[in-house]
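Written out below as C-alpha cells is the structure these notes cover.
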Protein chains: 2
Amino acid sequence: MSQEGVDLETSLGYLLKEASSALRAAMEEVLRPLGMSVTHYACLELLAQRPGLSNSELARGAFVTRQTMNVLLQALERDGYVTRPAEAAVGKVLPTRLTARGRRSLEKASAAVRSVEARMLASLTETDQSAAFRILQSMVHSLRGDNE
Amino acid sequence: MSQEGVDLETSLGYLLKEASSALRAAMEEVLRPLGMSVTHYACLELLAQRPGLSNSELARGAFVTRQTMNVLLQALERDGYVTRPAEAAVGKVLPTRLTARGRRSLEKASAAVRSVEARMLASLTETDQSAAFRILQSMVHSLRGDNE
DNA sequence: TGACTCATGTCAGTATCCTGACATAGGTTC
DNA sequence: GAACCTATGTCAGGATACTGACATGAGTCA
C-alpha cells in the first residue's frame with residue numbers, strides 16, 4: 001500500500017492537536033478552582049491588554065463565534081466583571097471594558113495561567129522557543145491561505 | 001508594572017491555540033462536504049490504523065471523553081460504518097472494527113485531510129518539520145507532568 | 001440619492017462535548 | 001477468599017459552542 005492514510009504517529013497535525021489539548025487541559029485544571037473557563041479567561045485577558053474591544057473582536061481573539069462571545073459578555077456584564085455602554089457612540093460597536101472587579105478576578109487567573117505556560121517553556125531552550133514561534137506562525141499563515 | 005499578565009502577542013500558548021484552531025477550521029472545511037466532523041474522522045482514522053481499538057482507547061486517541069466517543073460509536077454502528085461484538089470476549093472491552101462501508105467513507109476524508117496537512121507542511125523546511133515535531137512532543141510531556 | 005456590500009449585535013434552535021453517577025470486570029495486596 | 005484500586009461501558013443531565021437568521025449601521029460605487 002502506497003496510500004496508507006495519515007499516519008497518526010508521525011503526523012504534525014495530530015501532534016499539534018495533542019499539544020493544544022494538553023495545554024487546554026492544564027489551563028482548565030488551574031482555572032477550575034477559580035470558577036473560570038478558558039474562554040472566560042481569554043476574554044478578560046484580551047480586555048486587560050486591549051481595553052475597549054468590541055464583541056466581535058473579542059470573539060476573534062478568543063477563537064469562538066460572535067454569538068458565543070455575546071452570551072459570555074452578557075453574563076460577565078450581569079456579574080459586574082465588565083461594562084458596556086447601553087448605546088453605541090458610533091455604529092453598532094459596543095466597546096467593552098473591565099471593571100475593578102474584573103481586573104481583580106483576572107489577576108489570580110493570569111498568575112495561574114502564567115505558571116502553566118512557564119512549565120511548558122521550561123522544557124524548551126531559548127532557541128527552541130524562537131523556532132517554535134516562527135514555525136507556528138508559518139503554520140497559521142499557510143492554513144489560512146494568507147500567502148495565496 | 002512588572003506584572004503585566006500574559007502578553008498574547010508573544011505567548012507561545014496563545015500561538016499554539018491559534019495554530020490548532022486554524023488547523024481545526026481547515027479540517028472542518030474540507031470534511032463538511034463529506035458530512036463528517038473532525039472527531040468522526042479521527043475515530044475512523046484511528047480504527048483504520050489500529051483495528052480492534054476499544055471505546056476508551058478511541059476516546060483517548062481522539063482527545064474526547066469515553067462518553068462522547070460512546071455516543072459517536074453508537075451512531076457509527078447504527079449507520080454501518082463500524083461493528084462491535086454484542087458481548088465482550090474478555091472483560092468489558094468491546095473491540096471495534098471498520099466495515100467495508102466505513103473504509104470507503106474514510107478514503108475520501110483521509111485524502112481531504114492529507115491535502116490540508118500537506119498545505120501546512122509545504123510552508124516548512126524539512127529541518128523545521130523535525131524541529132516542530134521534537135518541540136511539540138516536549139511541550140506535551142511537560143504539560144502532562146511526565147518528567148516529574 | 002440609491003443600490004450594493006460588508007460587519008456588527010443579537011435572538012433562537014441545535015449540535016457537540018462535558019461532568020456525575022452506576023454497575024461491573026480484572027488486577028493487586030493482604 | 002476479601003478488600004482494594006483501577007479501568008471499562010453506559011445512562012442521564014447540563015454546559016458550552018455552533019449554525020441560521022434578522023435588523024441595522026458604515027462604507028463603496030455608480
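Letters A, B, ... mirror the listed sequences (proteins, then strands); counts begin at 1. Keep in mind the model is a prediction, meaning the values are calculated, not measured.
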Counting any heavy atom closer than 4.0 Å, what does [X] reach on the DNA or RNA strands: base, sugar-phosphate only, or nothing?
X: B:Ser37; value: nothing
X: B:Ser56; value: sugar-phosphate
X: A:Leu94; value: sugar-phosphate

Can you name the nearest heavy-atom pair linking B:Gly61 to A:Tyr14, along with the distance?
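That closest heavy-atom pairing would be O-OH, 2.6 Å.
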
Where each residue is assigned the nucleotide of DNA chain C containing its nearest heavy atom, which of B:Lys92 and A:Glu28 is assigned the position nearer the 5′ end?
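The residue whose closest nucleotide sits nearer the 5' end is A:Glu28.
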
Less than 4.0 angstrom between a side-chain N/O of [X] and OP1 or OP2 of [N], yes or no?
X: B:Asn70; N: D:dT10; result: yes
X: B:Arg32; N: D:dT19; result: yes
X: B:Arg84; N: D:dT10; result: yes
X: B:Thr68; N: C:dC18; result: yes
X: B:Thr39; N: C:dT16; result: no

Looking only at N and O atoms, is any donor in the side chain of A:Gln67 or the base of C:dG13 less than 3.5 Å from an acceptor on the other one?
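A donor-acceptor contact between them is absent.
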
Base of D:dG9 paired with side chain of B:Gln74 (donor-acceptor, under 3.5 Å):
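No, the side chain and the base share no sub-3.5 Å donor-acceptor pair.
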
Give a yes or no on whether a salt bridge exists between A:Arg101 and A:Asp79, defined as a side-chain N under 4.0 angstrom from a carboxylate O.
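No, no charged N to carboxylate O under 4.0 Å.
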
Report yes or no: do B:Val93 and B:Leu47 belong to one cluster of Ile/Leu/Val/Met/Phe/Trp/Tyr joined by side chain heavy-atom distances under 4.5 Å?
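Cluster IDs for B:Val93 and B:Leu47 differ.
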
For A:Arg24 and for B:Pro95, find the nucleotide of DNA chain D with the closest heavy atom, then tell me which residue's nucleotide is more 5'.
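Looking at DNA chain D, the more 5' nearest nucleotide goes with B:Pro95.
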
